[in-house]
Structure formats: structure tokens, C-alpha cells
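The structure appears below as C-alpha cells.
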Amino acid sequence: MGAKAGSDIQATAKRPIPPGFENAHVTPQIYAERYAASIRDPETFWAEEGKRLDWIKPYTKVKNTTFEYGKVSIRWYEDGVLNVAANCIDRHLEKRGDQVAIIWEPDDPNAPERRITYRELADKVARMANVLKAHGVAKGDRVVLYLPMIPEAAFAMLACARIGAIHSVVFGGFSPDALANRINDCDAKLVITADTAPRGGRRTPLKSNTDAALLHCDDKVKCLVVKHTGDQTTWIEGRDFDLLAEMEAASPDCPPEPMNAEDPLFILYTSGSTGKPKGVVHTSGGYLVYASMTHQLTFDYRDGDIFWCTADVGWVTGHSYIVYGPLANGATTLMFEGVPTWPDPGRFWAVCEKYKVNQFYTAPTAIRALMGQGSEWVEKYDLSSLRVLGTVGEPINPEAWAWYDKHVGKGRCPIVDTWWQTETGGHMITSLPGAIEAKPGSATLPFFGVKPVVLDPQSGAVIEGNGVEGVLAIADSWPGQMRTVWGDHQRFQDTYFQQYKGYYFTGDGCRRDEDGYYWITGRVDDVINVSGHRMGTAEIESALVAHEKVAEAAVVGYPHPVKGQGIYAYVTLMAGVEPSDELRKELVKWVRQEIGPIASPDLIQFAPGLPKTRSGKIMRRILRKIAENDYGSLGDTSTLADPAVVDDLIANRMNKG
Ligand code: 6R9
């Protein structure tokens with residue numbers, strides 16, 4: 001990919017902002033003025049925004065950041081002292097103690113829902129915090145959460161924040177091995193899990209997965225178990241403890257620990273282009289300022305609104321827009337345990353109707369899956385409460401956008417397409433309901449304080465002007481930025497600041513159209529985006545080669561109608577092993593066990609050889625083209641050690657259109 005001249009990039013039409021947003025938090029004029037101010041003088045801008053939080057000791061310094069490779073350091077509000085849980089709970093009690101903070105909708109539509117007020121939230125979180133303390137968890141210790149989508153997941157995050165412990169949530173779909181790796185990487189003292197996690201009528205055995213994981217961890221790691229479904233589990237006396245029972249017995253009084261703005265709040269593991277997931281570290285002050293501000297402005301959140309983000313708390317979207325952003329703003333946040341298509345494809349809309357949801361935030365993959373089931377599932381429900389719709393995780397194709405707009409939003413709800421990453425903490429490029437006109441498929445314009453730049457992928461030179469294409473980087477820091485990779489600051493610098501000196505490199509390609517709108521074109525590294533989830537191809541490859549029958553593996557993405565990208569694996573077997581459909585199934589099962597169901601290959605092609613350069617590097621470009629069924633344009637194959645392997649790969653390709 002190189003820089004392109006403007007002429008071949010068409011500017012699509014903007015959709016006018018629907019009526020009713022004249023008094024939005026951000027209007028076109030406010031956006032223009034405040035955005036300019038945020039770039040001109042970030043110090044003053046963020047000094048003001050920092051006041052949205054309650055500080056135990058106010059900051060006097062605001063921004064102290066450098067992107068200089070070798071010296072990368074990011075500090076915001078660095079002499080301020082606060083407590084994140086106090087900001088999400090205590091400060092709301094006087095005004096809205098009886099307001100519902102969390103609505104919980106269970107997987108089973110016939111089971112009772114839960115409504116937790118801010119006062120009840122305060123009680124639960126303090127009790128859980130005291131239980132953690134009683135088990136020896138102190139400020140700075142790591143706690144891993146491996147939980148269903150239940151309010152206890154939010155309580156646990158906030159309980160950690162209250163005592164200054166650092167949480168690391170591991171998505172319930174990850175395998176015991178993946179869980180063990182994360183527990184060990186951050187050296188966690190304790191794991192909080194549940195007996196089983198119901199989803200779509202099935203149950204994931206979280207506790208037995210945890211048992212399996214803990215076999216690979218230090219004996220000292222304790223396990224607190226939420227008895228959620230009542231399913232039977234094994235129990236190891238002295239290691240396993242009944243969390244809900246201990247909370248009952250604990251004191252409801254737990255003073256919040258004063259934390260420096262730069263003390264870590266959480267670690268969240270994310271896939272990169274190398275095999276080992278990175279522990280992305282977010283800290284307390286800047287992260288919460290940014291999560292709170294983006295939640296309020298991107299969704300035009302107002303007091304009394306019911307906000308629903310359908311993500312899992314195991315991903316950053318759940319952290320920032322189910323828990324921290326909404327609760328910092330005193331919002332009512334909906335937490336859903338189920339899936340969009342169970343018991344039927346009307347479930348999302350039934351939930352919207354039931355709770356009169358005002359803002360609804362989901363992923364394009366869910367929209368595509370529901371679109372495929374027909375609009376009659378939407379039409380059955382009263383969706384008149386909806387005001388703003390959002391998407392996140394991957395580019396949204398214009399067909400899915402149009403369907404979402406017409407059938408869900410009835411043409412009266414702005415759609416915000418929010419581009420951001422685990423690393424960025426909150427929205428970076430997004431439309432704003434009352435201020436930025438949408439274009440279907442474009443994330444539109446930068447949020448306050450964000451300075452995107454398009455770089456030439458080869459030279460790294462900044463490409464100025466509109467109607468251009470390149471890789472997306474950010475020129476200066478913002479408060480929600482990750483601070484480091486847990487235990488490996490060098491890796492942090494190498495991953496994000498080495499290739500393009502002086503910039504934060506996002507790993508995404510993008511174009512900026514004639515109107516200055518940003519269009520994310522997808523990852524430019526070996527990361528693929530499957531149903532809005534990031535997967536490192538290297539991770540799947542190392543799982544495959546760990547199988548005794550596999551000699552070599554290469555994994556690439558290919559276009560998938562629902563998932564966005566599917567996982568295509570080329571596998572070379574050990575000498576003497578015969579390829580078979582049975583072996584394909586065995587390998588899929590193997591990867592599910594090693595990493596988790598989200599990493600299951602969609603297509604496996606057995607290949608006698610992989611295309612390699614003479615120096616032995618696998619030529620992924622060629623494998624990608626074949627997986628995309630686009631082998632007519634393989635480009636230069638002259639550097640291949642053995643060009644004949646390509647013919648075999650094409651003849652036996654699995655995706656025939
Ligand atoms: C929040 C989240 C980040 C990667 C990112 C990009 C892709 C996210 C997008 C989008 C196009 C959007 N991505 N939002 N691409 N339009 N609105 O998803 O974090 O899991 O870390 O993934 O997802 O490729 O680099 P994360």
C-alpha cells in the first residue's frame with residue numbers, strides 16, 4: 001500500500017443529523033471550537049476536563065508525555081490523588097443513591113432480572129473489597145477475574161479499584177491454558193470466578209476451567225467462587241472460597257484507598273503480531289477522565305437515560321462502556337448475560353423494549369448476524385425509546401449500516417461508528433450525535449484532543465491533505481492512552497513507537513477522504529479481526545504447531561460474511577501423517593482447547609509446503625491472496641524458493657468463492 005492521489009477516492013455523501021439533537025452536549029459549533037482548542041492547548045483543555053472527577057488531592061500538573069522512542073513516557077495528572085471506585089459510586093450517593101446503577105438481564109429470558117441501585121452497589125463493592133483484603137490482597141496486587149456477565153463482575157472490578165488492587169479480566173471464552181498464561185504473566189494473587197456461565201442456553205464450566213488453569217500456577221493463588229448457577233463443581237479446601245457467603249459476613253464499610261493518578265487500574269491482555277498476548281496497562285486518573293468524557297459525549301448521555309453496551313466485560317469495550325464510563329457519569333448501565341440470537345433473533349430488541357433503552361452500542365458482526373435473520377424480528381418490538389445507536393470493533397459495511405439505521409433506528413437515531421482500541425482506553429475517531437454528520441462505513445472525525453495522522457507506510461512521512469491513504473498514527477498523547485505493557489516497557493516502545501518515530505502507531509490502515517473523514521481499512525499487521533475480536537495469527541499458529549501431527553502452520557484472515565474476517569489455516573503435516581476431514585476436526589478442537597472457541601479455524605487447508613523466500617520467510621501476502629480467492633493477482637513470486645508450491649495451494653484452496 002502506498003500513498004494515493006485524491007482522484008480515485010470518492011467522497012460519499014454525509015447523512016444529515018436527525019432532528020432533536022439541536023441541544024446535544026456537542027453541537028457543530030462546540031465541536032469546531034473545542035476541538036481546535038484541545039489541539040492548540042492540550043494542557044488547558046485537559047486541566048478543565050479533569051474536573052469531571054472528584055480528587056482527594058487535586059492535580060497541579062496535567063500533561064507530561066513523550067513519544068520519543070527509547071524514552072517513551074506517558075503521565076497525566078501525575079500529582080493528583082483519587083479513587084476510581086469512589087468516583088463511580090460514593091460521590092453519586094447523595095444525589096442518586098436510590099437510582100438504579102446496574103440493570104442485569106439474565107441469559108434466560110424467564111429468569112428474574114436484577115436492578116442494583118447506587119446504594120446497593122456501594123454495599124456490595126465495599127463487602128467484596130473487605131473479602132479481598134481478608135484474603136491478603138493489598139494495594140498494587142493483581143487479581144484475575146474470570147466471570148460470567150453478572151453484576152459481580154462489575155463489583156469485583158470496583159472492589160479491586162477501591163483497595164488499589166489491579167484487576168485483569170479474562171474473557172470467559174478463553175481456555176484454561178490462556179487463563180493460566182495470564183494469571184502467571186501478571187503474577188496474580190487470586191482469581192475470582194463462578195461455577196458456570198450460562199450463554200445462549202449453554203453453560204461454560206468456568207470453575208473447572210479455573211481448576212485446570214491453576215494446575216499450572218503457583219500453589220499460593222487463591223480462588224474465590226461466585227455460586228451463580230448452583231452447578232456442582234470440585235472444591236479444594238483451603239484454596240477455594242465461597243465469595244457470596246463471605247460477602248454476607250463481611251463489613252459493608254471499606255474506605256477507598258487514595259491512589260495516585262498514575263497508579264495502575266487494570267491490565268487487559270490483547271493479541272499482537274507476535275505469539276504472546278500483551279498486558280495492556282491503564283492507570284487511574286487519565287483513563288477515568290477519558291472513559292467518562294467519551295461516554296457522555298459520544299452517546300449524548302443524559303441523566304436518567306438507560307445505556308446498553310452489549311460487549312462482554314472481558315474486552316475493553318465492556319471496561320470503558322459498561323462499567324467505568326457509565327458509572328463515573330452516574331448512569332444506569334445495562335448488563336446482558338446472553339447472546340443476540342437466543343432464544344430467538346429478537347432478543348436484543350426485546351431487551352431494548354423491556355427496559356426502554358436510550359443508547360444502544362454493539363458490534364457490526366452482531367448486526368450482520370441479525371440482519372440475516374430478517375427484519376421481522378425487529379419490527380415486533382417497540383423501539384421508540386432509542387435515541388443513539390453505536391458500533392465498535394470493526395468497520396461496518398454500508399449494507400449493515402443501512403439496515404441498522406432503517407430497522408432499528410427508524411431513520412431518527414444518529415449512528416456513532418467508534419474507532420478505538422484496547423490501547424486507547426476510549427473512543428478516538430467517532431461521529432458525535434449532534435455535531436458530526438455520519439457517513440456509512442466511516443468513523444468520521446477525531447474526538448477532542450486526538451490528533452490523527454496518515455503516514456506513508458514505507459517512508460513514514462506524514463501525508464498531508466485530503467483524499468489520501470496510508471497507515472494511521474496518532475501524533476500526541478491523550479489521557480486514556482495505555483501506559484506500558486505489563487512487565488515489559490521495551491515491548492511497549494517497540495510495538496507502538498519504533499516503526500514510525502515520534503508517533504503512536506495504531507496497526508491500522510486508513511484513508512482520509514475529500515471531507516477529511518477517516519475510513520479504517522483494517523489491520524496492517526498480522527492481527528485479524530474475527531467478529532470484532534482481535535486475534536494474533538501467530539498465537540493460532542503456535543497452537544497448531546503444538547499438535548503432534550503438525551509440522552508447520554500459517555494463519556491468515558479471509559473475508560467472512562458475518563464474522564468480518566474468518567480464520568484460514570494452512571497446515572503442513574508431519575511426514576507420514578495422512579490428511580483427512582477427521583484430522584481437520586481434531587485440529588479445530590485442539591485450537592479451541594489451547595486458546596478458546598474464538599480462535600477456531602474456519603477453514604484448514606493441508607499443504608505439502610508453504611510458499612517461502614530463499615531465506616525461509618513465509619510469504620503471507622501470497623497466502624492471503626489465495627485465502628481471499630484472489631489468486632489472479634499474486635504479484636511478484638520470483639523470490640520464492642519453490643514456485644511450484646503455489647500451484648498446489650491454488651488447486652487445493654478451501655475458499656472457492
Ligand atoms: C475497541 C476495540 C481494536 C481494533 C482496531 C481496529 C478495529 C475497532 C473499529 C475498528 C473500524 C471501527 N476497530 N473499532 N475498525 N472501525 N469503528 O475493538 O478494541 O479489541 O483492541 O480492537 O479493532 O482494527 O485496531 P480492540
Side-chain angles (χ1 to χ4, degrees), residues 169-171 173-174 266-273 277-282 287 290-291 294-295 298 309-322 324-325 361-368 389-398 400-401 404 415-432 436 438-447 450 452 471-474 480-482 485 495-496 504-512 517-537 539 557 563-565 598-599:
V169 184
V170 176
F171 174 57
F174 278 119
F266 65 85
I267 303 168
L268 191 54
Y269 286 86
T270 190
S271 300
S273 30
K278 293 184 285 279
V280 168
V281 176
H282 282 288
Y287 169 79
Y290 203 70
T294 48
H295 170 259
T298 303
C309 163
T310 70
D312 191 284
V313 288
W315 309 111
V316 74
T317 308
H319 282 62
S320 299
Y321 302 110
I322 295 177
Y324 289 116
Y361 189 32
T362 197
T365 184
I367 299 169
R368 285 192 298 269
L389 303 177
T391 70
V392 58
E394 53 179 318
I396 181 163
N397 47 311
W401 197 99
Y404 197 30
I415 298 179
V416 291
D417 177 343
T418 62
W419 174 84
W420 61 295
Q421 309 177 296
T422 306
E423 294 87 338
T424 71
H427 304 149
M428 296 291 281
I429 301 182
T430 178
S431 44
L432 296 173
I436 301 175
K439 289 189 187 191
S442 168
T444 76
L445 299 175
F447 193 76
V450 174
V471 296
L472 178 62
I474 311 291
Q481 185 171 24
M482 75 181 282
V485 169
T495 308
Y496 304 103
Y504 166 78
F505 175 44
T506 65
D508 281 326
C510 89
R511 58 199 179 87
R512 186 166 53 217
Y517 275 41
Y518 290 86
W519 298 73
I520 309 301
T521 52
R523 303 287 306 192
V524 295
D525 51 11
D526 290 322
V527 170
I528 55 181
N529 191 324
V530 182
S531 299
H533 299 317
R534 261 165 84 165
M535 287 298 325
T537 52
E539 238 176 303
K563 298 180 177 185
Q565 277 187 300
I598 51 169

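All ligand and atom numbering here is 1-based and tracks the order in the structure.
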All heavy atoms of Met482 vs all of Tyr496, minimum pair found to be SD-CE1, 3.8 Å
Scan side-chain atoms only and decide if Asp508 and Trp419 contain a donor-acceptor pair under the 3.5 Å cut-off.
yes
To the nearest 0.5 Å, what is the distance between CZ (Arg512) and OH (Tyr518)?
4.0 Å
Take Tyr361 and Thr317 through the test side chain to side chain donor-acceptor pair (under 3.5 Å) and record every step on the way to the result.
CA-CA 10 Å; Tyr361 189 32; Thr317 308; 5.4 Å; no
Mind checking whether Tyr324 and Phe266 have parallel, tilted or perpendicular rings, split at 30° and 60°?
parallel
According to the interplanar angle, ranging from 0 to 90°, do the rings of Trp420 and Tyr321 count as parallel (below 30°), tilted (30 to 60°) or perpendicular (above 60°)?
perpendicular
Give one line per pair: atom of ligand 1, protein atom, distance. Only N/O to N/O under 3.5 Å.
| unit_1 | atom_1 | unit_2 | atom_2 | d |
| --- | --- | --- | --- | --- |
| ligand 1 | 13 (N) | Gly393 | O | 3.3 |
| ligand 1 | 14 (N) | Gly393 | N | 3.1 |
| ligand 1 | 16 (N) | Glu394 | O | 3.4 |
| ligand 1 | 17 (N) | Asp417 | OD1 | 2.7 |
| ligand 1 | 17 (N) | Thr418 | O | 2.9 |
| ligand 1 | 19 (O) | Thr422 | N | 3.4 |
| ligand 1 | 21 (O) | Thr422 | N | 2.8 |
| ligand 1 | 21 (O) | Thr422 | OG1 | 2.5 |
| ligand 1 | 21 (O) | Arg534 | NH1 | 2.8 |
| ligand 1 | 23 (O) | Gly393 | O | 3.3 |
| ligand 1 | 24 (O) | Asp508 | OD1 | 2.7 |
| ligand 1 | 24 (O) | Asp508 | OD2 | 3.2 |
| ligand 1 | 25 (O) | Gln421 | NE2 | 2.9 |
| ligand 1 | 25 (O) | Asp508 | OD1 | 3.3 |
| ligand 1 | 25 (O) | Asp508 | OD2 | 2.7 |
| ligand 1 | 25 (O) | Arg523 | NH1 | 2.9 |

